[in-house]
A.B. asks: 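One structure, as structure tokens, below. Some questions next.
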Amino acid sequence: MFRCATWWSSSGGGERSRIVLMALNDYAVVIPWSDLLRYNPVLAFRRDGQRMGIRDKGPLILIYPFDAHPALQQGQDYVNRTIWQVHAVSIR
């Protein structure tokens, strides 16, 4: 079980249109703000009450709720937006 570290569902986005997450290996994903509001992906830092280390895909991992939204399972777009070992987050 993952423990949520999200804040965007109440932030609204304002003039911002996307969030960019960067992994330790320089892999980056751009998440549209609409995804945050529509699917409420989880930015987790704990698993089963324990902080996730780098070996466990930490310090942060973004996970979409694939089971709750079958549309997310179509194609690779949302799988490719799932990112682990996140160390930087920016809002643009």
Side-chain angles (χ1 to χ4, degrees):
M1 177 171 168
F2 289 95
R3 184 171 187 144
C4 182
T6 61
W7 48 264
W8 53 68
S9 60
S10 61
S11 300
E15 297 178 14
R16 309 299 186 184
S17 62
R18 62 186 184 235
I19 186 170
V20 180
L21 295 101
M22 178 75 71
L24 291 171
N25 65 357
D26 292 330
Y27 179 75
V29 295
V30 177
I31 308 294
W33 202 269
S34 59
D35 276 12
L36 303 177
L37 299 175
R38 183 176 193 179
Y39 300 117
N40 198 26
V42 174
L43 184 61
F45 68 98
R46 292 181 185 262
R47 181 182 299 140
D48 296 327
Q50 302 295 316
R51 286 193 178 270
M52 292 185 295
I54 292 171
R55 287 184 178 195
D56 298 318
K57 299 187 178 180
L60 297 169
I61 183 172
L62 181 82
I63 302 171
Y64 277 84
F66 292 100
D67 292 342
H69 298 278
L72 294 175
Q73 298 174 22
Q74 298 174 8
Q76 279 294 119
D77 290 342
Y78 296 101
V79 172
N80 293 342
R81 290 180 190 162
T82 298
I83 183 172
W84 51 88
Q85 294 182 329
V86 174
H87 76 96
V89 178
S90 62
I91 300 171
R92 299 185 183 169

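Here the structure is a predicted model, which means the values were calculated and not measured.
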A.B. asks: Under 3.5 Å, sequence neighbours excluded: what are the donor-acceptor pairs made by side chains of residues 55-78?
C.D. replies:
residue: Y64; atom: OH; partner: D35; partner atom: OD2; Å: 2.7
residue: Q73; atom: NE2; partner: F66; partner atom: O; Å: 2.8
residue: Q76; atom: NE2; partner: N80; partner atom: OD1; Å: 3.3

A.B. asks: Under the side-chain contact (heavy atoms from CB on, under 4.5 Å) rule, collect the residues that match up with V29, sequence neighbours excluded.
C.D. replies: L21, Y27, I31, I83
A.B. asks: Please name all residues satisfying side chain to side chain donor-acceptor pair (under 3.5 Å) with D26, sequence neighbours left out, ordered by chain then number.
C.D. replies: none
A.B. asks: Looking at side-chain heavy atoms only, is the closest gap between R81 and P32 below 4.5 Å?
C.D. replies: yes
A.B. asks: Check side-chain contact (heavy atoms from CB on, under 4.5 Å) between R51 and all other residues, then give those that pass, not counting sequence neighbours.
C.D. replies: F45, R46
A.B. asks: Taking side-chain contact (heavy atoms from CB on, under 4.5 Å) as the definition, give me every residue that meets it alongside S90, ordered by chain and number, with sequence neighbours left out.
C.D. replies: V20, R92
A.B. asks: Is it the case that the side chain of Q85 and the backbone of A23 share a donor-acceptor pair, with hydrogens and angles ignored and the cut-off at 3.5 Å?
C.D. replies: no
A.B. asks: Which residues, ordered by chain and number, are linked to M22 in its hydrophobic cluster, where ILVMFWY side chains connect at heavy-atom gaps below 4.5 Å, directly or through other members?
C.D. replies: none
A.B. asks: When you group the ILVMFWY residues by side-chain heavy-atom contacts below 4.5 Å and let the links chain together, are L36 and V30 in the same group?
C.D. replies: no
A.B. asks: Do I54 and L43 share a hydrophobic cluster (ILVMFWY, side-chain heavy atoms under 4.5 Å, transitive)?
C.D. replies: no
